Protein chains: 2
Amino acid sequence: MLNERDFYSDEPGSFGESEGRIDAGKMRPTMQNVAKAAGVSLKTVSRVVNNEPNVGEDTREKVSKVIEELGFRRNDLARNLRQGQISTTIGLIIEDIANPFYSNIAHGVEKVAQRYHYMVIICNSEENAQREQELSNALFRRRVAGLLMVPASHDHSYLLPEARLGTPIIFLDRPPDHLDTDTILLDNRGGARKGIEHLIAHGHRRIGVIGGDPLVHSGAERLAGYREALADRSIPYDEALLRSNRDEPLRAQEAVHELLMLADPPTALFTTNNRISIAVIRALYGMKRQIALVGFDDFELAELLPVPITVIAHDAAALGEQAAELLFARLHGDDLPPQHLVIPTELVVRGSGELPPE
Amino acid sequence: MLNERDFYSDEPGSFGESEGRIDAGKMRPTMQNVAKAAGVSLKTVSRVVNNEPNVGEDTREKVSKVIEELGFRRNDLARNLRQGQISTTIGLIIEDIANPFYSNIAHGVEKVAQRYHYMVIICNSEENAQREQELSNALFRRRVAGLLMVPASHDHSYLLPEARLGTPIIFLDRPPDHLDTDTILLDNRGGARKGIEHLIAHGHRRIGVIGGDPLVHSGAERLAGYREALADRSIPYDEALLRSNRDEPLRAQEAVHELLMLADPPTALFTTNNRISIAVIRALYGMKRQIALVGFDDFELAELLPVPITVIAHDAAALGEQAAELLFARLHGDDLPPQHLVIPTELVVRGSGELPPE
DNA sequence: TTGTACGCGTTATCAC
DNA sequence: GTGATAACGCGTACAA
């Protein structure tokens, strides 16, 4: 059953009120109002609301009754202002919540936050550096207790003042620039290596890469993993097989056409993230072309496609969870030097990565 | 370029600070500190911070300089407390941000909120009525300006006191119970009708339904659409073809087996949401069985499966956007009676819905 | 067990 | 154009 007490303080409470129409404009009751109505002092109400000791049982009941009658609800804005100047809210800045990668991160973060009785403000930066900065400032003005972010910009010194004030700031998926702080990344390079080694093991020597912004750390690392794998096998690195800045689906499709039109075309493709993988798969279907493919990031239904897609998978929710756990550890006084965690990746063999050359 | 001014008030600002290590614990500067350091009064600083008139140009510059030096940032907790007792934050309660349906809604909401300079606290109710109530109370204690929710519970009279206080509350995807307030739904019944009519037109008379909780409004309406479509064609409604409470993937798979094992099995299936559709598709693949299928909700890659999936599609982001727009209209004084909006659905023909019986 | 006085950081009022 | 003072709603410290 629901607990009436914490309607106004910490947990839920049923509220016996008949149904009806809404008419706005009434005054929101304050502790002061409750105190007057109950004939006690402000502080006594405060004690009751926060379940503090040293209140007579009769007093407590009387106050509780008034609280219910008036529909009082503690104002956490005022409470936080008085208590510590920071709110029990954390901020999460991601690129786009509609992308499953980020929504899984968000899910992990929110899950942990709920455990700690914190709430999460989620913001979409749309991969825009200026917006990232606007959003962080807006969050800091709201005195979020901490900030988790997948950075879009390439200079995070603007976060330094806030970090110095003690606000934990944790970077997800991409490391900060010009700032030394907690970071949690995927094993981008290692994952890419595994994927490329897999293709090589299946006989491929000309492997095309379709990727996004080469300045984004995760993409750059995946490309580095590609190069390392080739170098290991003494396979020449051919820039003609590379297509960058293909985050837009249309641009990714063009890349497929371009690569397959080459005089000496690739026999396999490596796509560096989920959105690009999907765009490329669409393009290949449109061309009725079959070619070996390994994609970074897993995605739903990959295993049910006519040629099931071999991917480098990882646990995005765990990324969010571990980042949030680290944040709360910092809030609880953990004072270790900046941490750098890595989430492992796994090659999931499904079919597209095992197609032979030609 | 970035604007320095709104680092401390409304927009972003660059912050000239060299890189380095973080050490916490410094005091957060207040307006009082700025005032003292600049040799002006508190109110003058306030004027500068908020770009109010009646400040001499020289004074404004002097204060701005101190603000930058000290790294002052306005405390919006205190600001909101003083101004109107509500924050420039809205709440969004959904079932699960990792589900694309909800993450698209969230994306729409956040997009609109950014336009109005509001931020969004997103909470996952996990389809749990008690948690829904806990979360709304926590949001109200934080004095969110308004609340958007996909309800999980079946009695929302507990929201009445807050609604009476003037906090706009808007229901998405499912209507409230025991409360008359703004609601924005999908055309569940009409969409389901279209889907079932389509199957009937392709010769099906025994159509199995695999759905979730029958008490959830959207699911119930989709089932109602199913029944209406059958009734229109005088096709008997056979309860043996119905499987409810199949939100769990395993339970959905069982449903497929159960239905196909029937003495007089269905020749087509109707799945009432995206998660169930996907679970069912997996089951059918596992059985190497092909059967006509129409699913409610579109999902990524549906068109690339070996038998592309015919679905009843809709614009979840638009659902979120319109709900948010309505919320802000309410905040800006719109005083019309409770609105009831409907987002249209569309039958997307791809293949699975056109398979013949047998 | 209960109450009083004050402060949290900001904005509003009204005086100068 | 500028400043003193009182709020906003609550918690802390200490007194009664």
Side-chain angles (χ1 to χ4, degrees), chain A residues 8-10 27-64 66-67 70-88 138 140-145 165, chain B residues 8-10 26-64 66-67 70-88 140-145 165:
Chain A
Y8 46 85
S9 57
D10 268 319
M27 263 274 295
R28 204 181 289 273
T30 71
M31 276 195 188
Q32 201 56 264
N33 302 338
V34 174
K36 188 170 292 179
V40 298
S41 83
L42 180 64
K43 179 58 202 170
T44 299
V45 179
S46 174
R47 279 191 260 261
V48 173
V49 167
N50 298 304
N51 268 321
E52 285 172 34
N54 296 331
V55 184
E57 206 37 62
D58 44 350
T59 315
R60 193 181 288 276
E61 257 181 51
K62 182 175 60 181
V63 171
S64 295
V66 174
I67 285 178
L70 266 52
F72 168 80
R73 204 191 299 267
R74 186 180 68 197
N75 184 336
D76 277 357
L77 259 51
R79 170 177 231 252
N80 289 326
L81 176 60
R82 178 63 239 247
Q83 277 199 318
Q85 289 99 270
I86 67 168
S87 64
T88 53
F140 292 143
R141 284 200 306 274
R142 280 169 174 74
R143 296 298 186 263
V144 290
L165 256 22
Chain B
Y8 45 86
S9 57
D10 268 316
K26 286 211 310 195
M27 262 273 295
R28 204 181 287 274
T30 70
M31 276 193 187
Q32 199 56 263
N33 302 336
V34 174
K36 188 169 291 178
V40 297
S41 84
L42 182 60
K43 180 59 196 169
T44 298
V45 178
S46 175
R47 278 191 261 262
V48 173
V49 167
N50 297 302
N51 268 319
E52 284 171 36
N54 297 332
V55 184
E57 206 35 63
D58 43 350
T59 314
R60 191 179 293 274
E61 259 180 49
K62 182 176 56 182
V63 171
S64 295
V66 173
I67 284 176
L70 264 53
F72 166 81
R73 204 190 298 267
R74 185 181 68 199
N75 184 335
D76 278 357
L77 258 52
R79 170 178 232 251
N80 290 325
L81 176 62
R82 177 62 238 235
Q83 278 200 317
Q85 288 99 269
I86 68 168
S87 65
T88 53
F140 292 143
R141 284 200 306 274
R142 279 170 173 74
R143 297 296 188 264
V144 290
L165 256 23

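Keep in mind the model is a prediction, meaning the values are calculated, not measured.
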Visitor: Could you tell me from which nucleotide to which nucleotide of DNA chain C, 5' to 3', there is an atom under 4.0 Å from chain A heavy atoms?
Guide: C:dT1 to C:dG9
Visitor: Does the side chain of A:R28 reach to within under 4.5 Å of the side chain of B:R143, using non-hydrogen atoms?
Guide: yes
Visitor: Using only atom types and a distance under 3.5 Å, with no angle test, would you say the side chain of A:T59 pairs donor to acceptor with the backbone of A:V55?
Guide: no
Visitor: On DNA chain D, reading 5' to 3', which nucleotide is the first and which the last to sit with an atom under 4.0 Å from a heavy atom of chain B, could you check?
Guide: D:dG1 to D:dG9
Visitor: Working to the nearest 0.5 angstrom, can you tell me the gap between B:R82 CZ and B:L77 CG?
Guide: 15.5 Å
Visitor: Assess whether a salt bridge exists between B:R74 and B:D76, defined as any Lys/Arg side-chain N lying under 4.0 Å from an Asp/Glu carboxylate O.
Guide: yes
Visitor: What pair of heavy atoms forms the shortest contact from A:S87 to A:A145, and how long is it?
Guide: O-CB, 3.5 Å
Visitor: Quick check for you: to the nearest 0.5 Å, what is the distance between B:E52 atom CD and B:R60 atom CZ?
Guide: 9.0 Å
Visitor: Near DNA chain D, counting only heavy atoms under 4.0 Å, which residues of residues 36-45 of chain B show up?
Guide: B:V40, B:S41, B:K43, B:T44
Visitor: For residues 39-49 of chain B, which side-chain N or O atoms pair as donor and acceptor with protein atoms under 3.5 Å away, sequence neighbours left out?
Guide:
| residue | atom | partner | partner atom | Å |
| --- | --- | --- | --- | --- |
| B:S41 | OG | B:K43 | N | 3.4 |
| B:S41 | OG | B:T44 | N | 3.4 |
| B:S41 | OG | B:T44 | OG1 | 3.3 |

Visitor: Applying side chain to side chain donor-acceptor pair (under 3.5 Å), name anything that partners B:T88, two or more places apart in sequence or on another chain.
Guide: A:R142
Visitor: Note the angle between the end axes of the helix from C:dT1-D:dA16 to C:dC16-D:dG1, five pairs defining each, rounded to 10 degrees.
Guide: 40°
Visitor: Evaluate A:N80 against A:I86 for side chain to side chain contact (heavy atoms under 4.5 Å, CB included), listing each step before the verdict.
Guide: CA-CA 6 Å; A:N80 289 326; A:I86 67 168; over 6 Å; no
Visitor: So which atom in A:M27 and which in B:L165 form the shortest heavy-atom distance, rounded to 0.1 Å?
Guide: O-CD1, 3.8 Å
Visitor: Return whichever of B:R82 or A:T30 has its heavy-atom-nearest nucleotide of DNA chain D closer to the 5' end.
Guide: B:R82
Visitor: Nearest-nucleotide wise, let me know which of A:L81 and B:R47 is further upstream toward the 5' end of DNA chain D.
Guide: B:R47
Visitor: Tell me, please, which residues at least two apart from A:L81 pass side chain to side chain contact (heavy atoms under 4.5 Å, CB included).
Guide: B:N75, B:A78, B:L81
Visitor: Not counting sequence neighbours, which residues clear side chain to side chain contact (heavy atoms under 4.5 Å, CB included) with B:T30? List them please.
Guide: B:Q32, B:N33
Visitor: Taking C-beta and beyond as the side chain, do A:M31 and A:I67 meet within less than 4.5 Å on heavy atoms?
Guide: no
